[in-house]
2 protein chains.
Amino acid sequence: MLSARQEQALRFIRGYIAEHGHGPLLDEIATALGIQSRGVAHRYVQALADAGLLLLERGRHRGIHLPSADNGSDSTLPLLGRIAAGLPIEAIPDQDEIDLSTFFMGPQRFVLKVQGDSMIEAGILPDDMVIVESREQARNDDIVVALIDGQEATLKRIRYNTDGSITLIPENSALSPMVFSNQRVQVQGVVVGQMRSYQ
Amino acid sequence: MLSARQEQALRFIRGYIAEHGHGPLLDEIATALGIQSRGVAHRYVQALADAGLLLLERGRHRGIHLPSADNGSDSTLPLLGRIAAGLPIEAIPDQDEIDLSTFFMGPQRFVLKVQGDSMIEAGILPDDMVIVESREQARNDDIVVALIDGQEATLKRIRYNTDGSITLIPENSALSPMVFSNQRVQVQGVVVGQMRSYQ
DNA sequence: CTTGAAAGTTCTCAAAAAGTTCTCTATGAT
DNA sequence: ATCATAGAGAACTTTTTGAGAACTTTCAAG
């Protein structure tokens, strides 16, 4: 089992390699961890190599590598920080890793590919994937998969009106919200995530 | 049988591990239960380990683990189909599963959290995550992480002009494209994916 | 090919942090 | 009264962490 500091070192190394394509210097690891001694950084690297989490080329400068198995089977990507216009990338202090295999996982969830641009102003574009959690009840302003008259399925923002009717709101100023009696609308699920691949 | 206090300790430990990925310190358990003595917390942990509800690495810091009642939880969600306004969900013939652990994985990739709305019309909203692949060369109209003058990091669409200059285009009609000489712009990576959580 | 700076390796010493064990005390329930 | 459950805290051991020195190897410039 890794100690707290060892984990911190591992996260830094993985992030560094992802960013630069090669391993960091011991002094860079030390600086990142806020320690003065190169020897201490080396001890951590050695422990991680012993645990099979790193591969070392003995003696070589920048001789730290990731085991190839680790590249393939691991489902975490380093979370380097925030990017904003006009500022360098700002490191995020606590969270250093995103586990893609659990980020969107949950019971009763499925994925839909989006067609059309009715939610474009909510940042949901055609061909995006939305992760939907099967549920019959939503909260106001949730984005839902709604079935109208048992026939038409749509992706819309929902609002439950005080008179019992339901308004389905497209996020596209070219389209208008529509009001339905609650018998006509059946919520099939609530959007809990969205993703898009640019490749 | 567990005493009330033991159960309370167990609940705290399980929650802590779910949240942090590693076990708590005895002092943290004590604090959570509102007691002063580390020794008392240790007594509870010992009792829970004797009952087989925890695994301990003797002596180790943070040596509390959960017995591998753990999950073989896989990281796939069903891909049900396409959703379009006006039509029922249309099944996608070939692909019926999305493996979230590999969907965005790749070498040299990292994640950034987006701040600001300079790419809002490309469907990248504040607090979205973008998956970036470290690369120094992009193609025209790729969305890139660009470093200007070695100082300012920004997320913009890139265009290489025929005269050798580079235009960085924000996807926000309130902002204007900017042209730079190619020495001033350094591409740090290309956006290959984007995701957003609604929870 | 030489050479020196940079980087990796190996040590020892020390201190702080965390786990372990123990005794003493208090409070209810049976 | 006796026992089980609780809590406090002291004393102790082990693990973890850090500093720094001394040494070796790598690497690039001349």
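Here is how names work: the chains are called A, B, and so on, in the same order as the sequence lines, proteins then strands, and each is numbered from 1.
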Heavy-atom check, side chain of S134(A) versus side chain of R109(A), under 4.5 Å: no

Ion pair present between D141(A) and R159(A), side-chain N to carboxylate O less than 4.0 angstrom? yes

Pairwise side-chain contact, V187(A) with I158(A), heavy-atom cut-off 4.5 Å (strictly under): yes

Separation between CD1 (I166(B)) and CD (Q183(B)), nearest 0.5 Å, reads 9.0 Å

Any ion pair linking E7(A) and R62(B) (charged N to carboxylate O, less than 4.0 Å)? no

Give S37(A) one of three labels, base, sugar-phosphate or nothing, depending on what nucleic acid heavy atoms sit under 4.0 Å from its own. base

Is the shortest side-chain heavy-atom distance between I29(B) and Y44(B) below 4.5 Å? no

Should the heavy atoms of other residues, nucleotides or ligands under 6.0 Å from CD of E136(B) be counted, would the total exceed 12? no

Is there a donor-acceptor contact under 3.5 Å from the side chain of T31(B) to the main chain of D27(B)? yes

Donor-acceptor contact below 3.5 Å, side chain Q46(B) vs main chain R43(B): no

Heavy-atom contacts, protein to nucleotides 23-28 of chain C, under 4.0 Å, summarised as B (base), S (sugar-phosphate only) or - (none) per nt, yield ------

Can you pull the contact range of chain A along DNA chain D, 5' to 3', using atoms under 4.0 angstrom from its heavy atoms? dT16(D) to dC27(D)

Close side-chain approach of I83(A) to Q115(B), heavy-atom, < 4.5 Å: no

What N/O pairs connect the protein and nucleotides 17-20 of chain C at under 3.5 Å? Give each pair on its own line.
residue : atom : partner : partner atom : Å
dA18(C) : O4'  : H61(B)  : ND1          : 3.4
dA18(C) : O4'  : H61(B)  : NE2          : 3.1
dG19(C) : OP1  : R62(B)  : N            : 3.2
dG19(C) : OP2  : L26(B)  : N            : 3.0
dG19(C) : O3'  : G59(B)  : N            : 3.3
dG19(C) : N7   : R38(B)  : NE           : 3.1
dG19(C) : O6   : R38(B)  : NH2          : 2.7
dT20(C) : OP1  : G59(B)  : N            : 3.0
dT20(C) : OP2  : H42(B)  : NE2          : 2.8
dT20(C) : O5'  : H42(B)  : NE2          : 3.4

Can you pull the side chain to side chain donor-acceptor pair (under 3.5 Å) pairs that have at least one residue in residues 186-196 of chain B, sequence neighbours excluded? Q194(A)-Q194(B), D128(B)-R196(B), R196(B)-Y198(B)

Y16(B): what forms a ring pair (Phe, Tyr, Trp, His ring centres under 6.0 Å) with it, not counting sequence neighbours? F12(B), H20(B)

Check each residue of residues 28-36 of chain B for a non-hydrogen atom within less than 4.0 Å of any atom in DNA chain D, then write out the ones that pass by number, or none. I35(B), Q36(B)

